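Worksheet: the structure to be examined is printed underneath.
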Amino acid sequence: MTLFETLQSAWPYLVDGFRITIEIWIFSILIGIVLGLIACLMKMSKFKILQAISGVYVWLIRGTPMIVQAFVVYFGLSQAAGLHLSPFMAGMITLSLNAGAYLSEIFRSGIQAVPRGQSEAARSLGLGAGRTMAKIVLPQAFKIAIPPMVNQFIITLKDTSILTVIGLAEIVNKAGQYIMIHLDYFQTYVCVAFFYLIFTSLLMILAHYLEKRLSYDRKNSRS
């Protein structure tokens, strides 16, 4: 078969798999942002215990392969705690924890890039530490962190393919199901690559646009 004929034949499998891929990616990114922000604020707090918890979390996630994390969540929790998770739920937990650890470092870099004088000015006007962080520091930090955040979103999207090892019916898994019937390896996986390439390219374009937009806004604010 030609590449176009393979795409036509495998289309129902690939579309169904890509739908699962996008669903778990969206949920994981949203949860990962929350986890990342919490871990970031814990790391930057004055309490040593919170710093330690955040540090251990980031160290564990960044120091181990995601495929091992997926096995621990899906198979390990079932054996150790009797917690039987679906592949979707286990995959979402794994991706969320993974994205959260990396996003926490991105957020911390963004917060540290905000000039200290702005926090000091807000405090001198009577704002407390919490309100200063929420109203002055975090909005600026998010703007600074947007380009690397989008890059992390791209990485998380590609990482969904690893979850085929725990039986998640994402696009790589669905492509494997099609291949078992038709034995068309090369062209099927090329089609899978195109699905990823199109979506990641859109995210790259978004990251480039936001980067240019933010640099333009900074230039205008300075002038």
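From a predicted model like this one, the values you see are computed outputs, not experimental measurements.
- Applying the 6.0 Å contact sphere to CZ of F75 captures more than 12 heavy atoms from other residues, nucleotides or ligands.
- Under a 3.5 Å cut-off, the side chain of T21 and the backbone N or O of G17 do form a donor-acceptor pair.
- Between I181 and Y13, the closest heavy-atom pair is CD1-OH, 3.2 Å.
- Other residues, nucleotides and ligands contribute at most 12 non-hydrogen atoms within 6.0 Å of the NE2 atom of H208.
- By the rule that hydrophobic residues join a cluster once side-chain heavy atoms approach within less than 4.5 Å of another member, Y196 and L95 end up as members of separate clusters.
- Among the candidates I31, L37, L35, I29, the single residue satisfying the side chain to side chain contact (heavy atoms under 4.5 Å, CB included) test with I33 is I29.
- Across L14, V15, I22, a single residue satisfies side chain to side chain contact (heavy atoms under 4.5 Å, CB included) together with F18, and that is I22.
- Inter-residue side-chain proximity for Y57 and I53 is flagged as unmet; no heavy-atom pair is nearer than 4.5 Å.
- Residues passing the side chain to side chain donor-acceptor pair (under 3.5 Å) test with S96, sequence neighbours excluded: none.
- Listed for the S104 side chain is a donor-acceptor partner under 3.5 Å among the backbone atoms of A101.
- If you check the side chains of Q69 and T94, you find no donor sitting under 3.5 Å from an acceptor.
- Closest non-hydrogen pair, Y185 versus I179, comes out as CE2-CG2, 3.4 Å.
- A continuous path of ILVMFWY side-chain contacts below 4.5 Å connects V172 to L7, so both sit in one hydrophobic cluster.
- Residues T156 and Y102 have side chains that never bring a donor and an acceptor to within less than 3.5 angstrom of each other.
- Residues I38 and I111 are members of separate hydrophobic clusters, defined by side-chain heavy-atom contacts under 4.5 angstrom among Ile, Leu, Val, Met, Phe, Trp and Tyr.
- With rounding to the nearest 0.5 Å, the separation of OG in S54 from CZ in F47 is 14.5 Å.
- Between the Q187 side chain and the V190 main chain, no donor and acceptor come within less than 3.5 Å of each other.
- Considering OG of S161 and CG of N173, their distance stands at 11.5 Å, rounded to 0.5 Å.
- Annotation for S9 and Y178: closest pair OG-OH, 2.9 Å, computed over non-hydrogen atoms.
- The OG1 atom of T164 lies 10.0 Å from the CD1 atom of I67; values are rounded to the nearest 0.5 Å.
- Between A70 and I166, the shortest heavy-atom contact is O-CG2, 4.0 Å.
- More than 12 heavy atoms of other shown residues, nucleotides or ligands fall within 6.0 angstrom of atom CE in M44.
- Of the inter-residue distances, the one linking I144 atom CD1 with Q112 atom CD reads 11.0 Å to the nearest 0.5 angstrom.
- Of the possible polar contacts, one joining the W25 side chain to the F153 backbone as a donor-acceptor pair under 3.5 Å is found.
- Although no hydrogens or angles enter the test, the distance criterion places no donor-acceptor pair under 3.5 Å between the side chain of Y189 and the main chain of A175.
- Taking the six-membered ring for Trp, F195 and W11 have ring centres closer than 6.0 Å.
- To the nearest 0.5 Å, atom CG of residue L83 and atom CE of residue M89 are 10.0 Å apart.
- Shortest non-hydrogen contact noted between M92 and I24 is N-CD1, 3.5 Å.
- Note that CG of N98 is 9.5 Å distant from CG of L103, once rounded to the nearest 0.5 Å.
- Residues C191 and L3 meet the side-chain proximity criterion, which asks for heavy atoms closer than 4.5 Å.
- Note on I106 and V58: separate hydrophobic clusters, where clusters join Ile, Leu, Val, Met, Phe, Trp and Tyr whose side-chain heavy atoms are under 4.5 Å apart, directly or indirectly.
- When all heavy atoms of Y74 and S86 are compared, the closest pair comes out as CE1-C, 4.0 Å.
- The aromatic rings of F27 and F88 lie perpendicular to each other, with more than 60° between the two planes, well past the 30° mark.
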